[in-house]
Amino acid sequence: LVEETSQNGFMLGIENVKFLHPVFPGDTIYGEAEVIEVRESKSRPGFGIVKIRTYGYNQNREKVVEFNRVFMVRKRGVIWSGEKSKGKAE
């Protein structure tokens, strides 16, 4: 999931962060994520907003953190130029 969001868009923010258990040096943290919301961008044609719920677990399988990541991603066929969208690829 990280590869798809990082290659095709950029993060807008983090919401609803909850630290549920302490984390210590030497702990191993594992992540899990699910897409919980998708909508079209109102300000950038050709882009959408994706909200991903992310969970972090320690080596004992205790949930230590949870939060939402919000990304703007380009739609399929839209050319990535770094500028406001100019339309679909030919």
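What you see below is based on every heavy atom in this structure, not just the backbone, and it leaves out hydrogens, waters and symmetry mates.
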Exercise. Tell me, do Arg69 and Arg53 make a side-chain contact under 4.5 Å, heavy atoms counted?
Worked result: no

Q) Between Glu34 and Tyr55, is any pair of side-chain heavy atoms under 4.5 Å apart? A) yes

Between the CD atom in Glu32 and the CD atom in Glu66, the distance rounded to the nearest 0.5 Å is 11.0 Å

Backbone of Asn60 reached by a side-chain donor or acceptor of Asn58 within 3.5 Å
yes

Worksheet item: Quick one: does Gln59's side chain have a donor or acceptor within less than 3.5 Å of a partner on Thr28's backbone?
Response: yes

Discussion item. Using side-chain heavy atoms (C-beta onward) and a distance below 4.5 Å, is Thr54 in contact with Phe67?
Written reply: yes

The reported gap from CZ in Arg74 to OG in Ser41 (rounded to nearest 0.5 angstrom) is 15.0 Å

Can you find a heavy atom in the side chain of Ile49 that is under 4.5 Å from one in the side chain of Val38? no

- Query: Which is it for Leu20 and Val64 under the side-chain contact (heavy atoms from CB on, under 4.5 Å) test, yes or no, and what are the steps along the way?
  - Reply: CA-CA 5 Å; Leu20 305 168; Val64 296; 5.7 Å; no

**Message:** Less than 4.5 Å apart, side chain to side chain, heavy atoms only: is that true for Ile36 and Asn68?
**Reply:** yes

query = Is atom CZ of Arg39 surrounded by more than 12 heavy atoms (other residues, nucleotides or ligands) closer than 6.0 Å?
reply = yes

- Query: Side chains of Val70 and Ile14: does their closest heavy-atom pair fall under 4.5 Å?
  - Reply: no

Query raised in the report: Is the NZ or CZ atom of Arg44 positioned over Phe47's six-membered ring, under 6.0 angstrom from the centre and within 45° of the axis?
Result: yes

